[in-house]
Amino acid sequence: MTILQDFTLPELTEYLTANYSVKPYVAKQIFGWLNKSVDFDGMTNISKPLRQQLAENAVAVAARIVQTRVSVDGTQKFLFELSDKNVVEGVLMKYKYGNTLCVSSQVGCRMGCKFCASTLEGLVRNLTAGEILSQVLSVNALGDGSNRYVTNIVLMGSGEPLDNFDNVVKFLRLVTSKDGINISERNISLSTCGIVPKMRFLADMGFSLNLTLSLHNADNAERQAIMPVTNAYSVEEAISACRYYFEKTGRRVIIEYTLIDHQNDTRAHALKLASLLRGMSAHVNVIALNPVKETGLKGTSESNVKKFIQHLTDLGISATRRRTMGQDIEGACGQLRRRYLNDKHD
């Protein structure tokens, strides 16, 4: 089945013209419906025979919301079902400046980070550009239509975005297109565990999105124990790629640092991190680990979070705490999907 949300407006026009003898203005109407996350039966200004033909051969809404959980803090977690019945997650976080949607780029993940539920069963498959976009469009459609409901996007859900490079780049083109919902690149963040060559490729492509490095330890040996990607690309190589990204784009890089009890939360760890980042245009987001019971890892104490941030600040490193949201609805990546799959098998 062809996923229509994979197409730009010119690509959709070409596809519909070639396969269904559709006139360009009709293709534009269909494109408008796709960007409102409307299925074929809801495209009221499109002829019924054409809608029936399309429904037999194509998918209009590539990621449908099949489950929603709402936290006491207002965070919403969505389970999206894809056309092949695989499921992925998204999280909507509401801030004063707007609504940020965290989207998934893969079904599962092969990076093997020890603190993450997404990777527990490995990688199932990559998402297409349209499947990533459809998560945004499905949640955006929950608004009243007067304003864009999703104002900011983070590629920080299930999967490693740079391990699905081509589809993620196509998604970025689609979601920022003036023909579509036209979200500014500056309102998009991409988080990577440190796939260095792809970080450099991204810098060379001329995007102005925000790059986030999921670091969590500045020591190579200790980082290898929780993040196997370090075996391929050292901490120093990842930081060098971050510096390159800033040089090419002028965008300050964000360093994500999740504090794990007795593993990376001491003053010595803060000193090593500060030494690594000195002279670099970067900001450290310090996070208290959102526990995943299968990993056996625990978050550090509240007092250690404050001490760690203070250590960095005293050493001249910009650092703040990132608010932990959605713990009561299994907010960490992969938790809701894992529970859903376990329930189906019971």
When every non-hydrogen atom of H269 is compared with those of Q263, the smallest separation belongs to NE2-O, 3.2 Å
Does the side chain of N217 pick up a donor-acceptor pair with the side chain of D219 at under 3.5 Å?
no
For side-chain contact (heavy atoms from CB on, under 4.5 Å), just list the numbers for L92 and Y149, CA-CA rounded to whole Å, side-chain angles, deciding distance to a tenth of an Å, and then say yes or no.
CA-CA 10 Å; L92 186 73; Y149 189 57; 3.6 Å; yes
Using modelled atom types only, decide if a donor and an acceptor are shared between the side chain of S104 and the backbone of S158 within a distance under 3.5 Å.
yes
L123: which other cluster members, linking ILVMFWY side chains closer than 4.5 Å, directly or transitively?
none
Can you name the closest pair of heavy atoms from Y257 and N264 and give their distance?
OH-O, 2.9 Å
Hey, are E247 and R243 close enough for a salt bridge, meaning a charged N less than 4.0 Å from a carboxylate O?
no
I'd like to check the side chain to side chain donor-acceptor pair (under 3.5 Å) partners of S208; sequence neighbours left out, ordered by chain and number.
E185
Starting from the C-alpha separation in whole Å, work towards a yes-or-no answer on side-chain contact (heavy atoms from CB on, under 4.5 Å) for L312 and L273.
CA-CA 8 Å; L312 292 177; L273 178 61; 4.0 Å; yes
Option passing side-chain hydrogen bond (donor to acceptor under 3.5 Å, both in side chains) with Q106 (candidates N164, D163, N167):
D163
Is any side-chain heavy atom of L289 closer than 4.5 Å to one of T300?
no
F80 and F78 aromatic ring geometry - parallel, tilted or perpendicular at 30°/60° bounds
tilted
Distance-only donor-acceptor check, side chains T192 and E160, under 3.5 Å:
yes
Evaluate the criterion side-chain contact (heavy atoms from CB on, under 4.5 Å) for residue pair V87 and Q67; output intermediate values, then yes/no.
CA-CA 10 Å; V87 290; Q67 195 174 123; over 6 Å; no
Please work out which of the three classes, parallel, tilted or perpendicular, describes the rings of F165 and F201, given edges at 30° and 60°.
perpendicular
L54 side chain reached by L16 side chain, heavy atoms, under 4.5 Å
yes
Heavy-atom closest pair (F31 atom, L9 atom, distance to 0.1 Å) is CE1-N, 3.5 Å
Is the shortest heavy-atom distance from the side chain of N57 to the side chain of T2 under 4.5 Å?
no
List the steps, then state whether side-chain contact (heavy atoms from CB on, under 4.5 Å) holds for I255 with I239.
CA-CA 9 Å; I255 305 296; I239 293 299; 4.2 Å; yes
What are the two closest heavy atoms between R186 and N210, and how far apart are they?
O-ND2, 3.0 Å
Under 3.5 Å side-chain donor-acceptor pair for Q224 and N220
no
Assess the residue pair H216 and F115 against the criterion (ring-ring contact (aromatic ring centres under 6.0 Å, His included)); give the C-alpha distance rounded to whole Å, side-chain angles, the decisive distance to 0.1 Å, and a yes or no.
CA-CA 10 Å; H216 312 304; F115 47 82; 4.8 Å; yes
Just by distance, no angles: are the side chains of S240 and R200 close enough, under 3.5 Å, to form a donor-acceptor pair?
yes
Minimal heavy-atom distance between I188 and L209, with the atoms involved, is O-CB, 3.3 Å
Around atom CZ of R267, are there more than 12 heavy atoms from other residues, nucleotides or ligands closer than 6.0 Å?
no
Does E14 CD have over 12 foreign heavy atoms under 6.0 Å away?
no
Give the minimum heavy-atom separation between T230 and R223, together with the two atoms involved.
OG1-NH1, 3.1 Å
Consider side chain to side chain contact (heavy atoms under 4.5 Å, CB included). Of V59, L34, L174, V136, which one does Q5 pass it with?
L34
Does K28 have more than 12 heavy atoms from other residues, nucleotides or ligands lying within 6.0 Å of its NZ?
no
